[in-house]
Structure formats: structure tokens, C-alpha cells
Number of protein chains: 2
Amino acid sequence: MTSRPARATISDVARAAGTGKTSVSRYLNGELDILSPALKERIAQAIAALDYRPSQMARSLKRGRTRLIGLIIADITNAYSVEIMCGIEAACRDYGFTLLMCNTNNELALEQYYIQLLSSYQVEGIIVNAVGMREEELGRLQQSRLPMTLIDRKIADFDCDVIGLDNHEASEKVTRHLADNGYTALLFISEPIGSVNTRRERLETFRQTIAACPDVEGENAEIALHQTSELSLCLKDFLHRHRHQRCAIISANGPLTLQVVKELQAQAVVTGTDAGLVGFDEMNWSSLVGSGITTLKQPTHQIGYRALQSVIHRIKHPDAEKTEQFFSGELVVRGSSQPL
Amino acid sequence: MTSRPARATISDVARAAGTGKTSVSRYLNGELDILSPALKERIAQAIAALDYRPSQMARSLKRGRTRLIGLIIADITNAYSVEIMCGIEAACRDYGFTLLMCNTNNELALEQYYIQLLSSYQVEGIIVNAVGMREEELGRLQQSRLPMTLIDRKIADFDCDVIGLDNHEASEKVTRHLADNGYTALLFISEPIGSVNTRRERLETFRQTIAACPDVEGENAEIALHQTSELSLCLKDFLHRHRHQRCAIISANGPLTLQVVKELQAQAVVTGTDAGLVGFDEMNWSSLVGSGITTLKQPTHQIGYRALQSVIHRIKHPDAEKTEQFFSGELVVRGSSQPL
DNA sequence: CTGTTAGCGCCTTCAA
DNA sequence: TTGAAGGCGCTAACAG
């Protein structure tokens with residue numbers, strides 16, 4: 001057939017409109033008040049006739065601004081990350097940026113690959129949702145003095161823009177809610193804390209809150225996400241040791257909550273009645289399981305949106321003070337934390 | 001501080017290595033056997049010293065190949081889409097492409113926006129997972145003779161590369177499974193079928209399979225995803241009319257299954273015992289609800305991977321025959337389809 | 001108001 | 001084996 005019709009270029013438009021490239025360029029860039037109506041009209045027609053669309057590639061090359069933002073997500077399978085992404089995406093549209101989304105799948109090699117990639121496309125900034133990402137890599141990331149905003153998680157010893165949940169407030173809400181509902185033995189489960197500030201802060205506040213409740217005991221466990229047998233033992237042990245008390249579990253994130261629920265079901269423990277359960281992160285199935293699972297819901301969309309605003313700010317003001325913004329979570333109470 | 005260190009360019013490298021840009025370019029493009037070892041060494045050092053990374057933008061501009069693939073997803077919130085995306089992503093890495101992911105959120109305006117965007121970045125091909133996307137838009141998409149592969153859904157009257165589930169086989173598996181397990185009144189629920197081939201095919205085969213089972217009755221309902229009250233009435237009515245039979249429900253996709261489960265719980269219907277339930281699409285919570293929900297699991301990763309291969313093929317051979325590939329689903333049997 | 005010119009960073013003839 | 005020159009599509013001086 002007709003072979004490739006070959007994209008129209010600005011020169012084609014100029015020729016078709018009987019003018020020079022400059023005027024077309026001006027037209028494209030909104031300098032309309034400087035063009036005669038007649039010329040504007042001709043250009044408009046030419047553009048329409050040729051179905052012309054300017055090449056971002058050429059534009060970026062020339063201006064040195066790609067309007068590209070890189071997003072590095074450690075686990076796109078995590079609904080939390082997806083929601084964050086939607087917020088970022090919305091902001092990108094509002095501010096005229098395009099998102100290059102990279103899922104590192106929690107693999108180091110992929111992460112390196114993607115950092116290279118983003119760099120080669122000259123993204124103007126990057127947002128990192130490093131759920132599960134190890135410290136060193138984040139550090140490496142920041143070496144390339146690229147505007148960067150962290151979501152949810154900080155890097156130790158590196159001062160960087162951060163957007164996330166107010167973990168202290170959230171953790172206090174959760175803990176106090178269980179205490180208020182009569183649970184007296186609390187287990188806080190998280191993935192290995194390492195130096196992940198999010199996990200540490202949630203745990204710390206858990207402890208502090210417990211300390212303020214004389215009749216409530218608390219302990220914590222660190223379990224890797226897929227160590228199901230460890231999780232199984234841990235829960236069994238906890239519930240057994242405290243079998244004469246009202247037990248409750250706090251799970252530090254969504255994926256972990258999924259594992260906990262599976263395990264509790266396997267042990268035929270009825271949430272709410274036999275043991276309380278509250279999980280950080282709201283999930284679409286939260287209301288479905290048993291009598292529903294009480295969760296701490298994060299304002300994910302807002303967090304994502306603000307994260308983009310944050311990188312943009314950094315792009316414009318590379319040397320401004322670093323900022324941290326923390327948002328309140330909302331406790332969504334369901335059956336799993338109601339004794340009756 | 002030191003203002004922006006300004007990315008090193010190929011010229012910088014050439015200068016640092018005491019050679020011309022051409023040789024550096026050759027080095028970058030793997031024409032190594034044509035360069036003297038000494039020169040190679042100098043170039044390598046210069047690159048390392050300057051932390052040089054070639055600009056994809058410039059490269060794309062020059063070669064006319066961006067190595068960019070656009071992915072249009074109607075609803076990133078759908079776990080099915082995310083899994084597909086992971087498959088595509090893996091293939092992108094293997095084949096050296098980069099994915100520009102666009103979530104249209106089922107909104108027409110967004111879709112138009114993104115199509116423009118992809119076009120302006122001169123993606124070499126696009127993959128469309130149009131769950132929920134309306135016909136006309138798909139049609140418009142195809143006008144721009146861009147290599148395009150559809151996932152899951154076809155466009156009526158337009159012949160295009162398609163990758164998806166073998167809906168006939170899958171639907172037969174599901175239906176027969178329920179029939180074999182003693183359910184005698186079957187309700188097939190889907191979103192409004194319109195001209196969505198996926199929905200139609202699943203329904204058709206459902207009917208055919210029923211027809212082959214003399215003692216099984218079947219009917220179907222079309223309900224928009226968020227019409228919860230309609231869904232509620234529909235289920236109530238069905239279960240009531242067939243209260244003396246063994247009832248079962250087939251839900252045509254994951255998000256719908258979520259609604260159905262919620263509704264059944266609201267009506268205190270126990271899945272498996274009071275009514276059978278099988279849903280298309282496996283979800284992370286499938287095993288959690290009640291005694292588990294039987295699902296028809298699609299080979300999502302593989303579908304995604306093949307989709308990318310398919311566009312690449314089309315890019316290379318614009319005029320080759322259009323192809324369609326359908327994969328087998330796997331029935332994951334759980335409590336919701338076991339009478340006892 | 002409008003057009004001409006000179007690159008952005010890279011690849012690709014072509015000649016040395 | 002190497003380098004110089006031209007141009008991809010666009011924008012930004014700088015003239016007219």
C-alpha cells in the first residue's frame with residue numbers, strides 16, 4: 001500500500017502555509033498575539049491538513065527540557081503504589097509533565113537498569129516509591145544530583161524531599177483504637193525493620209502508646225513477607241501465650257495484612273472475636289473478609305499529587321530547603337477490631 | 001554551590017579521549033572490532049571519567065526510532081491490567097524498548113490526551129488494554145496507522161493484532177465445572193455486553209454449554225459495575241426464583257466479582273453452600289473470602305509478554321497478516337463452587 | 001510582524 | 001582504522 005506516510009515536520013507545515021518555520025514555531029508555542037491573523041489562519045489550516053504534531057523529541061533536544069518525570073516503584077503489584085501513581089499521573093497532566101513509569105519488582109538489577117534508562121531519557125526529576133528498596137541503592141540514586149522526591153520512605157543520612165504518612169499519628173490511632181476496644185495483648189508485625197524509617201516510626205509509636213496504657217501489653221515481630229511458616233509460628237505462639245487475654249494484631253502494611261489474614265484463617269482464628277486485627281493500608285477486599293478488616297487508610301491520591309508538586313518545586317529551585325510533608329491517615333473501623 | 005554540572009555530551013567524550021565524535025559513536029554502538037584497542041581504551045576511560053550516558057532524545061531524533069512503546073490502560077486499578085503490564089514490561093527489557101504507560105481511567109478526555117501525547121513522543125507502537133473503553137475511541141486510535149496490538153478486546157469491523165484469553169474454552173470450563181458439581185440454575189453476570197467481543201463470547205459459550213446439559217438452566221444479566229442496587233435486585237431475584245434448585249453465579253471479570261461477593265455477603269448468602277460462584281480473573285484475595293472463590297485464572301504475564309512481541313512484529317512487518325493469539329485459562333477450584 | 005541562521009546531541013555517509 | 005561534514009525537527013537569537 002502507501003508506505004509510511006512519514007510524519008509531517010515543521011518544515012512541511014511552513015511550506016504548506018507559505019511561510020517560515022519560525023512563525024510556525026511561534027504559533028505552536030502560543031505566541032499568537034505576535035502573528036497576523038491571516039498567517040495564523042494559514043498555519044492552522046496547514047497543521048490540520050497535515051495532521052501535524054510537533055516532535056517532543058526534537059523539542060526536548062533543543063530546549064534541554066524533556067518534561068519527563070521518572071517514577072520508580074518497587075512493587076507495582078502493591079495497590080498502595082498504584083494509587084500513589086494515579087495521584088502522580090493526575091498531577092503530571094495538570095502540570096504538563098509525562099511520567100515514565102518503572103517497576104523494579106524489588107530487584108536490584110532492574111533498579112539499576114531503570115536508573116540508567118531514566119537518565120538516558122534525561123528525565124527532569126524522579127519520584128521514588130521505594131517500598132522494599134534497600135538503602136544503598138537509594139543512596140546511589142541521590143548521587144546523580146537529579147531532583148528527587150521520596151514517597152513513604154526516607155534515606156538515612158540523606159536529606160531529601162519526602163512525602164508520606166504521618167506515621168506517628170497513624171500508629172497512635174491504631175494502637176489506641178485497639179486498646180480502647182478492650183484488647184490487652186497487642187502484637188505489632190512488620191517486615192524486618194532495618195533502617196526503614198516508616199517501619200521504625202510505626203513501631204516506636206506503637207510502643208509509646210502501649211506504655212501509656214497500663215493494662216495493655218505489647219510486643220513486636222519482624223517477618224519477611226513470604227516467610228509464611230515463620231509468620232504461622234509467630235502468630236500461633238503469640239495467641240497461645242496470651243490465650244487468657246484479648247489478643248490483637250497490627251500489621252504494618254497491606255501485603256503483610258494479606259498474609260496475616262491467610263494465616264489466621266488457616267489457624268481458624270476468627271478476627272474480631274478470637275483476635276483483633278488492624279492493618280495499615282486500605283485494600284479493595286478489606287470489607288470482604290470475615291466481618292471486615294479495620295484499616296488505616298492513607299490519602300494515597302493526595303500523597304502522589306503532592307509528590308509531583310514537590311519534584312517540580314525542586315526542579316525550579318534546586319537549592320531550596322528540603323521539605324518533608326506528612327499526611328494524616330484515616331482509621332476505617334470494621335469488624336476485625338470489634339470484640340462483639 | 002557548583003551550579004549544574006551539565007551532562008557530558010559525545011563531544012566532551014571525544015575531546016577527553018583525544019579523538020573524534022565518530023569513533024565514540026562507533027564505540028557506543030558496538031562497532032568495537034573496527035576500533036584500535038588503544039582508542040577503545042581511551043574512550044572507555046573518558047566515558048567513565050565523565051559519567052557519560054548518550055542522550056536517547058538525540059539518538060531517537062537522528063535515527064527516527066524512539067524505541068518507545070505506548071501502553072494505554074483503561075483502568076490501572078484493575079489487577080488484571082497490572083499483571084499484563086508486568087509482562088509487557090519484562091518483554092520491553094528483553095527487547096530494548098521503553099514503556100510509556102498511560103492510564104485513561106476510563107475517561108474519554110484522558111484517552112485523547114494520551115493518544116496525542118504518545119504520538120508526540122513518536123512511540124513506535126502501542127498496546128491497548130481497553131477494558132471498558134468504548135468502540136469509537138478504539139476506532140479513532142487505529143486511524144493513525146501506528147502499529148497497534150489489542151489486549152483482551154477486539155474492535156468490531158477492524159482487523160488488528162489481538163492477544164487474549166481463549167474465551168470459549170474458558171467459559172466452557174467454568175460452566176461445565178458448575179454443572180458437574182451439581183448446580184442446576186446458573187446466572188451469568190457481566191457488564192453491559194454492547195459489542196465487546198470478550199463479554200459476548202463468554203456469554204455465548206455459556207449458553208452453548210448449558211444447552212448441552214439438559215438438567216441445567218441458565219440465564220444472564222448485564223449490569224454496570226457500580227450499579228450496586230441493580231446487582232442486588234438481580235441476585236435476590238435469581239436466587240429467589242430458583243430457591244428450590246442449586247444456584248450458581250458466574251461473574252465475567254474481577255472487579256465485578258468483587259461487587260458480587262460484597263452483595264452476596266450483604267444478603268447473607270454463603271458461597272458454595274447457598275450458592276455457587278465462579279469468577280473470571282484470579283485476584284490476590286480469591287482464597288480469602290468465605291471458603292475461597294473459584295476463579296478462572298488467565299496467564300496474564302504471558303499475555304503481556306506476547307503482546308509486546310506482537311507489536312514489535314508489526315513494527316518490523318507493517319504489512320504482514322494480522323494475527324490473533326488466544327491463551328488457555330486455568331480453573332482454580334476453591335470452596336465457592338463446592339456444594340459440600 | 002516575519003524570515004534567516006545557527007545549533008541542541010547524535011549517527012551516517014563519505015573521504016582520508 | 002579514523003575523522004569531518006551534514007542533517008534529524010525544533011527553537012532562539014538576530015536581522016529585516
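Scope of the values below: all heavy atoms of this structure, side chains included, with no hydrogens, waters or symmetry mates.
- As a whole-Å value, the separation of B:Glu31 CD from C:dC10 C1' is 13 Å.
- One finds the CD atom of A:Gln302 at 9.5 Å from the CD atom of A:Gln309 (value rounded to the nearest 0.5 Å).
- Atoms OH (A:Tyr27) and P (C:dT2) sit 13 Å apart, rounded to a whole Å.
- Under 4.0 angstrom from either OP1 or OP2 of D:dT11 there lies at least one side-chain N or O belonging to A:Ser25.
- The B:Leu61 side chain lies nearest to C:dG9 when the options are C:dG9, D:dC10, C:dC10.
- Of the candidates C:dG9, D:dC10, C:dC10, the closest approach to any side-chain atom of A:Lys62 belongs to D:dC10.
- In terms of modelled atom types and a separation under 3.5 Å, the side chain of A:Asp161 and the main chain of A:Thr323 share a donor-acceptor contact.
- Atom P of nucleotide C:dT2 and atom CG of A:Leu32 are separated by 12 Å, given to the nearest angstrom.
- Side chains of B:Asn105 and B:Glu107: a donor on one and an acceptor on the other come within 3.5 Å.
- Note that CG of A:Leu61 and OG1 of A:Thr66 are 11.0 Å apart. Values are rounded to the nearest 0.5 Å.
- Residue A:Tyr52 is classed as a sugar-phosphate contact, given heavy-atom separations below 4.0 Å to backbone atoms only.
- Distance CZ (A:Arg15) to C1' (C:dG3): 15 Å, rounded to an integer number of Å.
- Distances shown here put a side-chain N or O of A:Arg59 below 4.0 Å from the OP1 or OP2 atom of D:dT11.
- Atom OH in B:Tyr121 sits about 22 Å away from atom P in D:dC8, given to the nearest Å.
- Under the 3.5 Å distance criterion, with hydrogens and angles disregarded, a donor-acceptor pair is assigned to the side chains of A:Glu41 and A:Gln45.
- Taking atom CZ of residue B:Arg67 and atom C1' of nucleotide D:dC8, one finds them 18 Å apart after rounding to whole Å.
- A:Leu117 contributes atom CG, which lies 11.5 Å from atom CG of A:Leu110 (distance to the nearest 0.5 angstrom).
- A:Ile303 contributes atom CD1, which lies 4.5 Å from atom CD1 of A:Ile84 (distance to the nearest 0.5 angstrom).
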Expected rows: protein N/O vs nucleotides 3-5 of chain D N/O, under 3.5 Å:
| residue | atom | partner | partner atom | Å |
| --- | --- | --- | --- | --- |
| D:dG3 | OP2 | B:Thr19 | OG1 | 2.2 |
| D:dG3 | OP2 | B:Gly20 | N | 3.3 |
| D:dG3 | OP2 | B:Ser23 | OG | 3.0 |
| D:dG3 | O6 | B:Arg26 | NH2 | 2.4 |
| D:dA4 | N7 | B:Thr22 | OG1 | 3.2 |
| D:dA4 | N6 | B:Thr22 | OG1 | 2.8 |

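- Nearest nucleotide to the side chain of B:Ser55, out of C:dG9, C:dT2, D:dT2: C:dG9.
- At a threshold of 4.0 angstrom between heavy atoms, the contacts of A:Ser36 are confined to the sugar-phosphate backbone, with no base atom among them.
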